[in-house]
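Here's the structure we're looking at; comments come further down.
Being a predicted model, the structure only gives us computed values, none of them experimental. In what follows, every chain begins at residue 1, and chains take the letters A, B, ... in the order their sequences are listed.
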2 protein chains.
Amino acid sequence: MKKISDSTIRRLSRYYRSLDQLIKKNMETVSSDQLAEMDGITSAQVRKDLSFFGTFGKRGLGYNTKRLQSQIGEILGLHKNWRVAVVGAGNIGRALVKYEEFSKQGFQICLVMDADPEKIGTSVGDLITRDTRNLKALIKREKINIAIIAVTANAAQKVADQLVEAGIKAILNFAPISIKTPPEVRVKSENTAIEIEALSYFLTQK
Amino acid sequence: MKKISDSTIRRLSRYYRSLDQLIKKNMETVSSDQLAEMDGITSAQVRKDLSFFGTFGKRGLGYNTKRLQSQIGEILGLHKNWRVAVVGAGNIGRALVKYEEFSKQGFQICLVMDADPEKIGTSVGDLITRDTRNLKALIKREKINIAIIAVTANAAQKVADQLVEAGIKAILNFAPISIKTPPEVRVKSENTAIEIEALSYFLTQK
DNA sequence: GTGTGTGAAGGGTTTCACAGCA
DNA sequence: TGCTGTGAAACCCTTCACACAC
């Protein structure tokens with residue numbers, strides 16, 4: 001399969017959400033122009049993004065909202081009921097466990113771990129915090145597909161190594177540090193500090 | 001000033017953090033090769049990024065870690081003690097108020113707001129949750145520079161409009177929806193659902 | 001007429017490769 | 001010799017513009 005750019009995939013996620021809104025408003029069809037307007041991009045971009053995966057629209061008419069959403073969901077693999085683990089039961093970890101946007105799209109958080117004895121055994125949402133010392137066994141037993149790292153910068157690489165050893169192929173990293181993994185493992189980083197520093201730069205320029 | 005790409009700015013933030021580690025290990029100098037290796041990019045990229053802002057290294061030697069860090073800090077405006085407000089005292093909002101990575105870099109959260117009467121008056125870290133109805137006045141009184149939106153998708157645009165009206169020029173948006181603002185306002189979005197969906201896509205492809 | 005799908009053009013970012021300085 | 005700084009080349013992504021289907 002042709003290599004699809006990361007930006008395209010991210011935009012598909014956005015289209016998926018925009019379609020949600022339209023469907024709630026009982027809109028049956030949508031044009032690339034409308035979708036583009038909702039996401040602040042160009043209509044050519046929308047059509048090009050979709051064209052990588054097939055032809056979903058009708059010329060002169062646009063796209064059927066429900067069908068397009070379900071097709072994008074299919075492309076992104078959102079029908080798959082992913083099992084997710086969160087490593088780190090600090091502020092961010094706990095907020096993620098309770099984040100509704102996950103469960104809504106089939107990402108089920110089934111495991112929370114921490115290394116701190118004070119935290120082990122405490123409940124987070126419906127889950128009980130487990131000991132990271134048992135990481136490998138827990139990941140396997142719970143058949144986890146995706147792991148979220150929400151530990152400190154110091155601990156992040158070690159956790160990542162353990163996750164890789166446990167067979168995890170997809171990691172979402174919230175620690176403010178780049179982590180190293182073998183090429184077959186995909187890592188996405190979410191680093192709020194970096195985003196706010198970009199705002200700082202912008203304000204400083206003006 | 002020449003337009004600098006967003007990716008360059010984001011990488012500068014990463015270099016800043018990588019330099020942190022090196023400084024902690026008492027390394028006096030670093031080459032673009034080493035920095036690149038730490039962040040999983042190429043050395044040419046590092047040198048190119050820095051070259052937009054000046055010449056910071058010594059040929060044959062590399063860069064002085066402390067000096068380079070402070071120069072990057074200067075570029076990003078990290079010395080400025082930004083005053084930050086968080087709108088939305090849900091799970092994410094509360095986690096952000098307590099996020100240490102912010103205060104460490106001079107981003108001081110001085111205001112938390114929510115619309116829910118149950119939440120108004122409750123404390124989050126050192127702050128008391130205020131009523132969003134007073135948003136404009138509070139933003140002005142606290143001299144806020146940067147606002148973080150951590151409310152639901154439904155409420156996000158309305159909050160954004162109020163923030164713009166209150167004179168805010170930089171917004172970090174955690175709501176899973178694109179928000180519209182006038183061109184002079186910079187918005188950065190952090191959307192964990194989008195990142196995890198990219199992982200879902202990756203796992204689905206294999 | 002309307003709006004999609006797409007090859008081609010355009011613009012921007014990354015990588016290459018090397019001159020030049022410590 | 002070692003490593004930076006930087007034009008030029010390569011690459012990738014976005015935008016244009018129009019044929020074509022409804």
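When rounded to the nearest whole Å, the span between CD1 of Ile41(A) and P of dC16(D) equals 13 Å. Rounded to whole angstrom, the span from the CZ atom of Arg59(B) across to the C1' atom of dG2(D) amounts to 12 Å. The separation between Phe53(B) atom CZ and dT6(D) atom P is 14 Å, rounded to whole Å. The CD atom of Gln34(B) sits 11 Å away from the C1' atom of dC3(D) (whole-angstrom rounding). Distance, Phe52(B) CZ to dT4(D) P: 17 Å, rounded to whole Å. For the pair Ile4(A) CD1 and dT14(D) C1', the interatomic distance rounds to 15 Å; values are reported in whole Å. Following rounding to the nearest Å, Lys3(A) (NZ) and dC11(D) (P) show an atom-to-atom distance of 16 Å. The separation between Glu37(B) atom CD and dC3(D) atom C1' is 17 Å, rounded to whole Å.
Between the side chains of Asp114(B) and Thr129(B), not a single donor N or O lies within less than 3.5 Å of an accepting N or O.
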Side-chain donor-acceptor pairs of residues 159-178 of chain B under 3.5 Å, sequence neighbours excluded:
from, atom 1, to, atom 2, distance (Å)
Asp161(B), OD1, Gln157(B), NE2, 2.8
Glu165(B), OE2, Lys136(B), NZ, 3.1
Asn173(B), OD1, Ala175(B), N, 2.9
Asn173(B), ND2, Ala175(B), O, 3.4
Asn173(B), ND2, Ile177(B), O, 3.0

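Closest non-hydrogen pair, Tyr201(B) versus Ile75(A), comes out as CD1-O, 3.4 Å. Across Arg47(A) and Tyr63(A), no two heavy atoms sit closer than the pair CG-OH, 3.7 Å. Taking each heavy atom of Val46(A) and Leu35(A) in turn, the nearest pair found is CG1-CD1, 4.1 Å.
For the pair Lys58(A) and Phe56(B), both in contact range of DNA chain D, the more 5′-proximal nearest nucleotide belongs to Phe56(B). Each of Gly54(A) and Gly60(A) lies near DNA chain C, and the nucleotide nearest Gly60(A) is the one positioned closer to the 5' end.
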Original post:
Where do Arg10(A) and Glu195(B) land on the side chain to side chain contact (heavy atoms under 4.5 Å, CB included) test, with the steps shown first?
Top reply: CA-CA 7 Å; Arg10(A) 282 225 287 275; Glu195(B) 300 303 320; 3.7 Å; yes
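A salt bridge links Arg11(A) to Asp49(A): at least one charged side-chain nitrogen sits closer than 4.0 Å to a carboxylate oxygen.
Looking at heavy-atom distances under 4.0 Å, Ser43(A) makes no contact with the nucleic acid at all.
An OP1 or OP2 oxygen of dT4(D) is reached within less than 4.0 angstrom by a side-chain nitrogen or oxygen of Ser32(B). Applying the 4.0 Å criterion to OP1 and OP2 of dT15(D), one finds that Thr42(A) has a side-chain N or O inside that range.
In 5' to 3' order, the nucleotides of DNA chain C bounding all contacts with chain A (an atom under 4.0 Å from a heavy atom) are dT2(C) to dA8(C).
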